Amino acid sequence: MQLMSKFWIVLLHTYRNKIKSKPFIISTAITMVLIFTIANINHIAKLFGNDVPDKIGVIDESGVFYPLLQEQVKPLKEDITLVSVSDEKTAEVNVSKGKHEGYLIIKQSSEGLPEGIFKAEDVTKQSSIDDIQNALQQVKNMVSVESLGLSTAEVEKMYAPVGFEKVSLLESAKSEEEANQVYVLVYVLLLFIYMSVMMYGTMIATEVATEKSSRVMEILISSVSPVKQMFGKIFGIVLVAFTQLTVFAGSVYTALQLNESISGKDSMLDILNLGSIPLSLYIYAALYFLLGFFMFATLFAMLGSLINRVEEVNSLLTPLIMVIVGAFMIAIYGRENPESAVVTIASYFPLFTPMIMLLRVGMTDLPFWEILLSFGILLASISIFATIGARVYRGGVLLYGGSPSLKLIKQALLMSKEEKKIEG
Amino acid sequence: MLHIHNVKKNFGQFTAVHSLNLEVERGGIFGLLGANGAGKTTTFRMILGLLTPSQGTIKWNGQELSYKTSDTIGYLPEERGLYPKLTVKEQLTYLGQLRGMKKSHILEAAEAWLKRFQAEQYLNKKVESLSKGNQQKIQFIASVLHKPELLILDEPFSGLDPVNVDLLKEAVKELNEEGMTIVFSSHRMEHVEELCQNICIMHKGKAAVSGHLKDIKRSFGKKNVVVHADFDLMYLTELDGILKHHRFTDGMRFQVEKEEVAHDIFQNIYNKGFVTKFELEEPSLHDIFIEKVGAANE
């Protein structure tokens, strides 16, 4: 009596073993710790007290501008504190003793406007110098406006930004704000696909290689067909991936919420405003992710079946990993030039499609038929790779000896071609 | 019954098995003998359906073996393999489930077998921590756990110490008495002689000899004469019909062409001195193996 399909037995076995293996638990835990650390790095940095404001000495030779400057710097009180200093000598001593980061001499020009000289040991420390310069600029503006006798309304008019709007002639084109959000999201998704394919692909190959090298494979294929075994394994790891990614996503969410509740500010999630991105992009991303993942998983399983010893995993996987890295590089390039011919052509190369097409869908205005075509290409490649993969797997698992190479793939294919037995 | 009809297997240019014909009765126990590379493992893989014969048919109860029937087959591969990181229990559960067993049945059967092999303390131990002999026991258990109708054992006794060989041999005998059809290979003649009614000696992919063990011995014709005496027996090698001789500390063994030569030997020695032993032996499988494989080599 068939209690449970053997496919499910293989799938569950793969899943359970992976989930409860120590290395897996440890790496998951480490990643979660990392997520929490990175998401809350601002609070953590504060804990270590590195964030004291820079003290800047000010010698006000004019005798009028210091209070005005003080007023301007106030909003930056977390970064800069101004301290009045009587003469340059004291200021210099303060700097050399490390009490102050630098000092500013404010003079009054012949036109009655402020001028500043900033002195410090290292004047390349941009941020606080720029802040001081900007503050002094504001003071100068205020003083000159006052001297011209303009009203507040007039000043506001003067400084109001010019009306300038960008309008795309395409009806469905994305607004700029939307484009920026998509830009960030596409980057995150690309990174996500890239990392998961790498991580879980290698996991699949290693799993298969371990079974083969421990020679347990021969018993396995005498009780389950290699095809069921391969797909059971692939889906088992897919399930592992979903579990782990759900844990990670949950950690990211909780970590950001935590950050929000500590700082009282909007979390990154709110700033990204993910809700404003069209739902269709998420759906496409999910589809490209699933199809791409499955396509690479098949390839990884096939390569894994050709390996004699686990140590060979790396050398055999290198070409495939290069392809994935290549796709990622093109995608990064394509983020700036989504309409370029390179990107368009690459998006139709099956191994690149999941990443590059997602990029094009996100960043450009793609006709629907192109999207459909890309799904078609992916589905077709998956079925081709799965057929070849299953065959190589069949032949590969009985083939020992010889270093992994194209010749070995051919040999494995040849071997399985002779084995035209019906799969039950 | 297992019926192998005119089976041939090519790997590219190389022919691993040539027109092999074998029949194994239901409930029988069959020994496949052969040197390394004789084609035993390839034959087993074809029986199991892991490899498809290039020519000919293999049928078990009139049906080709496939994954539909795999729950009724047990297999112990020559290359032993278990998951090193799994415990014995997890291991047997997985392999048993893949043979269509229920978890509760697996545990029951596994415990009984482990007890029998005096290994019950290893149930929750990882396989990698077990000795090689114990790993082999686990492997054997995995192949018989689901009470297969047909059990295929590829070199089941290799690498085991004599105590464990006996343990396993007894288990094989008992399973056979319970009605299990068993096919096994070995290069240890004494195991085959002890266990099998029917054998096949394979050489370079061909069946050099096959049939009922007694018939094979009878038709072989040549016999052995063992003589222990307190005088030198070397002069006997001059006699007609002596094919081979082997000397040991207190006597000699002669291979004779036919039984009559034994009479000549006896005539020659009975008045030469004191004879402590004179015995006419059936040819051993070892002799037949050497002879057949040697002959086929030429």
Side-chain angles (χ1 to χ4, degrees), chain A residues 1-18 20-24 207 210-229 232 236 308 310 394-395 397-401 407 410-412 414-424, chain B residues 9-12 41-42 44-55 58 64-87 90-91 93-106 127-128 135 139 142-143 145-146 148 152 154:
Chain A
M1 188 181 74
Q2 200 75 11
L3 298 150
M4 201 194 326
S5 139
K6 287 181 181 174
F7 165 81
W8 284 102
I9 297 173
V10 175
L11 188 154
L12 285 176
H13 174 81
T14 309
Y15 179 71
R16 268 196 222 121
N17 265 321
K18 202 77 219 173
K20 63 179 191 181
S21 83
K22 266 189 207 132
F24 179 81
E207 277 281 303
T210 310
E211 275 181 2
K212 208 189 153 191
S213 68
S214 67
R215 303 263 177 174
V216 79
M217 197 61 112
E218 194 163 349
I219 309 187
L220 296 184
I221 55 164
S222 70
S223 30
V224 201
S225 79
V227 176
K228 272 187 196 168
Q229 215 183 108
N308 297 315
V310 181
R394 245 200 101 108
V397 291
L398 280 180
L399 217 56
Y400 284 95
K407 209 175 122 201
K410 224 178 91 189
Q411 229 175 314
L414 204 78
M415 187 146 169
S416 73
K417 202 187 272 176
E418 286 167 15
E419 315 309 329
K420 46 189 184 295
K421 206 168 59 76
I422 320 118
E423 303 290 349
Chain B
K9 180 68 193 172
N10 299 321
F11 293 110
T41 300
T42 304
F44 283 162
R45 285 179 173 174
M46 284 193 287
I47 295 174
L48 290 161
L50 300 181
L51 296 174
T52 314
S54 311
Q55 189 190 304
I58 298 180
E64 273 182 45
L65 287 181
S66 74
Y67 288 109
K68 288 192 186 80
T69 50
S70 75
D71 290 355
T72 59
I73 314 296
Y75 178 41
L76 176 76
E78 184 182 8
E79 292 283 356
R80 312 284 191 260
L82 294 164
Y83 291 97
K85 299 281 174 204
L86 292 191
T87 65
E90 290 169 327
Q91 196 98 226
T93 307
Y94 183 46
L95 296 176
Q97 277 183 312
L98 289 181
R99 292 288 192 191
M101 284 179 89
K102 268 194 207 157
K103 266 191 181 176
S104 52
H105 290 173
I106 294 171
V127 165
E128 60 185 353
Q135 288 190 19
Q139 189 103 48
S143 66
L145 204 60
H146 56 293
I152 291 174
D154 203 350

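Order of the sequence lines fixes the chain letters, A, B, ..., with proteins taken first and strands second; residue numbering starts at 1 for each chain. The shown structure was predicted, so the numbers you read here are calculated from the model rather than taken from an experiment.
Here the closest heavy-atom approach between residue A:Val216 and residue B:Leu82 is recorded as CG2-CA, 3.7 Å.
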Chi angles and distances behind the side chain to side chain contact (heavy atoms under 4.5 Å, CB included) call for B:Lys85, A:Asn17: CA-CA 9 Å; B:Lys85 299 281 174 204; A:Asn17 265 321; over 6 Å; no

Derivation of the side chain to side chain contact (heavy atoms under 4.5 Å, CB included) call for B:Leu76 and A:Ile219: CA-CA 7 Å; B:Leu76 176 76; A:Ile219 309 187; over 6 Å; no

Step-by-step side chain to side chain contact (heavy atoms under 4.5 Å, CB included) determination, B:Tyr83 to A:His13: CA-CA 12 Å; B:Tyr83 291 97; A:His13 174 81; 4.1 Å; yes

Residue pair A:Glu218, B:Arg45: steps toward the side chain to side chain contact (heavy atoms under 4.5 Å, CB included) verdict: CA-CA 9 Å; A:Glu218 194 163 349; B:Arg45 285 179 173 174; 2.8 Å; yes

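From B:Tyr94, atom OH reaches atom CG of A:Leu12 across 10.0 Å, with rounding to the nearest 0.5 Å. Expressed to the nearest 0.5 Å, how far CE of A:Met217 lies from CG of B:Leu50 amounts to 12.0 Å.
Using a 4.5 Å cut-off between heavy atoms, B:Leu95 contacts chain A through its side chain alone, with no backbone atom that close. With a threshold of 4.5 angstrom between heavy atoms, A:Lys22 does not approach chain B through any atom at all.
Donor-acceptor pairing under 3.5 Å is recorded for the side chains of B:Ser70 and A:Lys6.
Legend: residues meeting ring-ring contact (aromatic ring centres under 6.0 Å, His included) with B:His146, ordered by chain and number and at least two apart, are absent.
In this structure, B:Gln97 and A:Ser223 have side chains that are not in contact, with every pair of non-hydrogen atoms separated by 4.5 Å or more.
Under a 3.5 Å cut-off, the side chain of B:Tyr67 and the backbone N or O of A:Ile221 do form a donor-acceptor pair.
Residue with the most contacts toward chain A among B:Gly81, B:Pro84, B:Ala142: B:Gly81 (heavy-atom pairs, distance under 4.5 Å).
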